Amino acid sequence: MSDIILEAVDLHKRFTQGGGLFAKSTTIHAVNGVSLQVRRGETFAIVGESGCGKSTLARLLLRLIDPTEGSVIHEGQDLTQLGAGAMRSLRSDLQFIFQDPFSALNPRMTVETIIGEPLRLHTGLDAGARRRRVAELMARVGLRPEMADRYPHEFSGGQRQRICIARALASGPKLVIGDEPVSALDVSVQAQIVNLLEDLKEEFGLTLVIIAHDLAVIRHMSDRIAVMYLGEVVELARTEDLFTAPRHPYTQALLAAIPVPVPGSAAGRKVLGGDIPSPANPPAGCKFHTRCPHATDLCRTARPVLEGKDHQVACHHHDTLPAPDLPLARASRRSPAAEARFALYRAASQGGAGAPVYQSDHTHENN
C-alpha cells in the first residue's frame, strides 16, 4: 500500500466573472499550478491569508468542484476522470467539514437525520441500526444521544461543529478535509474541537487535511504545512522546520505577525506591507515580489518553482536571505501553561472533568 493517500498534480482553477453585452469578462486565477502529496495517517495543513486560494484548493482535492487543469489522485485513481456514479461511491472515503457550522446544516432536518444520511447512502444498515450508530457517534463527539430529535438552531456553534464532525465520520472515511473548522468558534471551544479532531484521528485511523489561517492552531496539530500565496504553494515543510527555520519571505512575515508572550518580542517587528494583488491580474514573475523586501529584477520577471525535498520553497534567493529573528522560533511548541490548558480542553472534549454541561432548558456549551 502506498504511503501517499492523496496527490494534487499541477492543479489549476480559473473562474470567469462578469461579461455581457457591453462588459468584458474577467478571469480569476484562484489556484495556479499546485502540486502536493498527502501522506496516509498524517495531519497536513494548508495556510495563508484570506483570498490565497486555500479553500478553493480544498474543494478541488475532494472534487467538490472540477479543476480547469490538472489531476487529483486518490489511492491510484484520478478523481478528475471518474464519472458521477464512480465518484459518488468514493464519497464514503472522502469527507469534508465546512467552515461555518451554522450554514453547513439543513435547518429543516433533525440531528438524527443529518448524521444518519451518510449511513443511509453508503451503508446497508436498517433504520434501527442507523439510529444506534447515530447515538454512538453523537456520544463520541461529546453530544447527548437524546438530543438526536432536535434541530440545528437549538444548538450552540461548538455543538453544531460537533454535529458536522459526526456526520463526516458516519460513512467511515479514510480522509477528512476541514476548511477552517474552528475559525467561527469561540477560543475555548476551538481548543476543544482541535483536541477532539486529534483524538478521532487516532481512534479511526484518519488522514486529516486542515485549511487554516491560525498558525498557532496549526502548530499544535499538524505534521506538515503548505503555505499558499495568491493561488500557489510557496513553501512546504515539516511543522517544526517551518516554524523554526522558514525560508520564504512570505512565511517569515506570517510567523513574525504571530503574538508571542516574550517580553520585547514586538519591538522592531517587521510588518508585511501592501495588499495581496488581484487574482484577476496577478503580477509577473514571483507573485510575492510586490510586497517582498528582498525582491530583485529576477523576481519581477521569472516565476520561481517549488524545489527541495523535505523542505520545499519557491524563492529565487532563499539560500542567501538573512535568517529571521522570530521570537516564536525560540518559544517552545507547547509551554507548560499551554499543556495544562489543552489538557483541560481535552478532558472537556471527552466528557471528563470540566466537560461542557448540558441542561434540559438550553443546549449551549459553558464557555
Side-chain angles (χ1 to χ4, degrees), residues 4-13 29-65 67 70-74 79 94-100 168 173 175-184 190 193-194 197-198 201 206-243 246-248 250-255 257-258 276 279 287-288 306 308 310-315:
I4 305 301
I5 189 172
L6 191 70
E7 181 177 8
V9 182
D10 197 26
L11 276 183
H12 294 256
K13 183 61 181 179
H29 301 263
V31 174
N32 189 34
V34 169
S35 296
L36 54 82
Q37 295 179 329
V38 180
R39 298 168 185 165
R40 194 179 305 274
E42 75 172 342
T43 298
F44 185 90
I46 302 173
V47 304
E49 293 174 283
S50 297
C52 71
K54 55 188 185 294
S55 292
T56 301
L57 177 59
R59 285 160 173 74
L60 289 171
L61 291 177
L62 287 196
R63 205 185 159 192
L64 298 181
I65 57 176
S71 302
V72 179
I73 311 298
H74 168 62
L79 301 186
L94 305 168
Q95 289 293 312
F96 202 93
I97 301 172
F98 293 92
Q99 177 178 357
D100 184 6
L175 181 142
V176 174
I177 294 182
D179 184 9
E180 303 205 32
V182 300
S183 65
Q190 285 183 12
I193 298 301
V194 165
L197 287 171
E198 287 189 307
K201 173 194 169 186
L206 300 174
T207 300
L208 293 180
V209 177
I210 301 296
I211 312 300
H213 61 264
D214 188 334
L215 290 171
V217 170
I218 289 305
R219 190 180 194 186
H220 169 71
M221 66 183 303
S222 65
D223 298 304
R224 291 190 301 143
I225 299 175
V227 181
M228 287 191 69
Y229 183 79
L230 208 62
E232 299 179 0
V233 173
V234 297
E235 189 162 6
L236 196 161
R238 287 189 291 259
T239 299
E240 281 307 292
D241 292 341
L242 191 90
F243 273 81
R247 296 181 182 175
H248 197 281
Y250 178 60
T251 308
Q252 295 172 2
L254 289 180
L255 296 179
I258 300 176
I276 298 179
K287 292 183 178 180
F288 186 61
L306 198 66
D310 293 329
H311 193 147
Q312 299 176 288
V313 61
C315 176

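This is a predicted model, so every value here is computed, not measured. The first residue in the sequence is number 1, and the count goes up from there.
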[X] side, atom [atom1]; [Y] side, atom [atom2] - distance, nearest 0.5 Å:
| X | Y | atom1 | atom2 | result |
| --- | --- | --- | --- | --- |
| Thr43 | Glu198 | OG1 | CD | 7.0 Å |
| Ser222 | Leu215 | OG | CG | 9.0 Å |
| Ile218 | Leu242 | CD1 | CG | 11.0 Å |
| Phe98 | Ile211 | CZ | CD1 | 12.5 Å |
| Ser55 | Ile65 | OG | CD1 | 10.0 Å |
| Glu240 | Arg224 | CD | CZ | 15.0 Å |

Donor-acceptor pair, side chain of [X] and main chain of [Y], under 3.5 angstrom:
| X | Y | result |
| --- | --- | --- |
| Thr207 | Gly41 | yes |
| Arg247 | Val313 | no |
| Lys54 | Asp179 | no |
| Gln312 | Leu306 | no |

Please identify each residue that fulfils side chain to side chain donor-acceptor pair (under 3.5 Å) with Ser71, with sequence neighbours left out.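 With neighbours one apart ignored, the set is Asp78.
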
So do the side chains of [X] and [Y] get within less than 4.5 Å of each other, counting heavy atoms only?
| X | Y | result |
| --- | --- | --- |
| Arg63 | Val72 | no |
| His213 | Val47 | no |
| Ile97 | Leu197 | yes |
| Asp241 | Asp310 | no |
| Pro173 | Leu206 | yes |

Any residue meeting salt bridge (Lys or Arg N to Asp or Glu O under 4.0 Å) with Lys13, in chain and number order, not counting sequence neighbours: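 With sequence neighbours excluded, Lys13 shows a salt bridge (Lys or Arg N to Asp or Glu O under 4.0 Å) to no residue whatsoever.
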
For the pair Glu49 and Tyr250, evaluate side chain to side chain donor-acceptor pair (under 3.5 Å) and give the outcome as yes or no after the intermediate values. CA-CA 10 Å; Glu49 293 174 283; Tyr250 178 60; 3.0 Å; yes

Assess whether side-chain contact (heavy atoms from CB on, under 4.5 Å) is satisfied between Leu57 and Leu36, documenting all intermediate values. CA-CA 11 Å; Leu57 177 59; Leu36 54 82; 4.1 Å; yes

Measure across Ile210 and Met221 and return the closest heavy-atom pair with its distance rounded to 0.1 Å.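 Looking at all heavy atoms of both residues, the shortest contact is CG1-CE, 4.1 Å.
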
Determine whether Phe96 and Leu64 satisfy the following criterion, side-chain contact (heavy atoms from CB on, under 4.5 Å), listing intermediate values before the conclusion. CA-CA 9 Å; Phe96 202 93; Leu64 298 181; 3.8 Å; yes

Have a look at His74 and tell me which of Val38, Leu62, Leu6, Leu175 forms a side chain to side chain contact (heavy atoms under 4.5 Å, CB included) with it.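 Testing each of Val38, Leu62, Leu6, Leu175 against His74, the sole residue satisfying side chain to side chain contact (heavy atoms under 4.5 Å, CB included) is Leu6.
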
Given Asp223, which of Arg238, Arg40, Lys201 fulfils the salt bridge (Lys or Arg N to Asp or Glu O under 4.0 Å) condition?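 Exactly one candidate clears the test, Lys201.
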
Tell me whether the centres of the aromatic rings in His248 and Tyr229 are closer together than 6.0 Å.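 No, the ring of His248 stays outside the 6.0 Å limit from the ring of Tyr229, centre to centre.
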
For Ile276 and Leu230, run side-chain contact (heavy atoms from CB on, under 4.5 Å): C-alpha distance rounded to whole Å, both residues' side-chain angles, the deciding distance at 0.1 Å, then the answer. CA-CA 7 Å; Ile276 298 179; Leu230 208 62; 3.3 Å; yes

